[in-house]
Amino acid sequence: MLSEVFASVLKEECGKQNSVIVPIPMNAVKLKERTFPQVDRLLDAASIPYTHCLGKNEVGLGEKSKSERMALQDVFWWNGQAVPEKILLFDDLYTTGSTMRLAAKVLKEKGAKEIKILALIRA
């Protein structure tokens, strides 16, 4: 699996953090198409514990321009899980930062005090 290629790097980087890892979720439609949550599998391959605090609405960011992404709201929703005070928000791909910004906004509104971000790839 490709996720195993990145496991040691992820384990090292996440191990430096004193935060709860919160992966960016997939929406239900995309998950059904892909059949697995790639962000979760990356963390699993590195044996990194994580918690899901967010759900994602059926908004595809990949097809949107930078300005369209920046204008989006309500992409993520709180799923009712306890929100840790210190979070490392993790995603596989960082393009414009909109995904991280929108996810962090929801987590801050629900009580997170400190949010750091980590992405595997910067595009």
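Heavy-atom basis, side chains included; hydrogens, waters and symmetry copies ignored. We count residues from 1, following the sequence as given.
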Checklist entry - Going hydrophobic residue to hydrophobic residue with side-chain gaps under 4.5 angstrom, can you get from Ile121 over to Ile21? => result yes
Item to check | Note, Asn57 side chain near Asn27 side chain (heavy atom, < 4.5 Å) | outcome: no
Next on the checklist: For the CG atom of Asp92 and the CD atom of Gln38, what is their distance to the nearest 0.5 Å?
Outcome noted: 4.5 Å
Item to check | Residue Glu33 excluded, over 12 heavy atoms near CD under 6.0 Å | outcome: yes
Checklist outcome for this item: All heavy atoms of Leu107 vs all of Cys53, minimum pair found to be CD2-CB, 3.8 Å
Checklist entry - Do the side chains of Phe36 and Val29 join up, straight or via other hydrophobic residues, at under 4.5 Å, putting them in one cluster? => result no
Next on the checklist: For Tyr50 versus Pro23, what's the shortest heavy-atom pair and its separation?
Outcome noted: CD1-CG, 3.7 Å
Next on the checklist: Is there a path of hydrophobic side-chain contacts, each under 4.5 Å between heavy atoms, that joins Leu102 and Trp78?
Outcome noted: yes
Next on the checklist: Can you list everything that forms a side chain to side chain contact (heavy atoms under 4.5 Å, CB included) with Pro37? Sequence neighbours excluded, please.
Outcome noted: Met26, Leu31, Asp40, Arg41
Checklist entry - Could you state the interatomic distance from NE2 (His52) to CG (Asn79), rounded to the nearest 0.5 Å? => result 8.5 Å
Checklist entry - Between Phe90 and Leu10, is any pair of side-chain heavy atoms under 4.5 Å apart? => result yes
Checklist entry - If every non-hydrogen atom of Ser19 is compared with every non-hydrogen atom of Ile87, which pair is closest and at what distance? => result CB-C, 3.6 Å
Checklist entry - Any side-chain heavy atom of Asp44 sitting closer than 4.5 Å to one from Ser3? => result no
Checklist entry - With no hydrogens and no angle check, is any side-chain donor or acceptor of Lys11 less than 3.5 Å from a backbone partner on Ala46? => result yes
Item to check | Value rounded to 0.5 Å, distance of CZ in Arg101 from CG in Leu89 | outcome: 12.5 Å
Checklist entry - What is the distance from atom CD1 of Ile24 to atom OH of Tyr94, rounded to the nearest 0.5 Å? => result 11.5 Å
Checklist entry - Can you tell which of Leu42, Thr99, Ile117, Leu120 makes a side chain to side chain contact (heavy atoms under 4.5 Å, CB included) with Asp91? => result Thr99
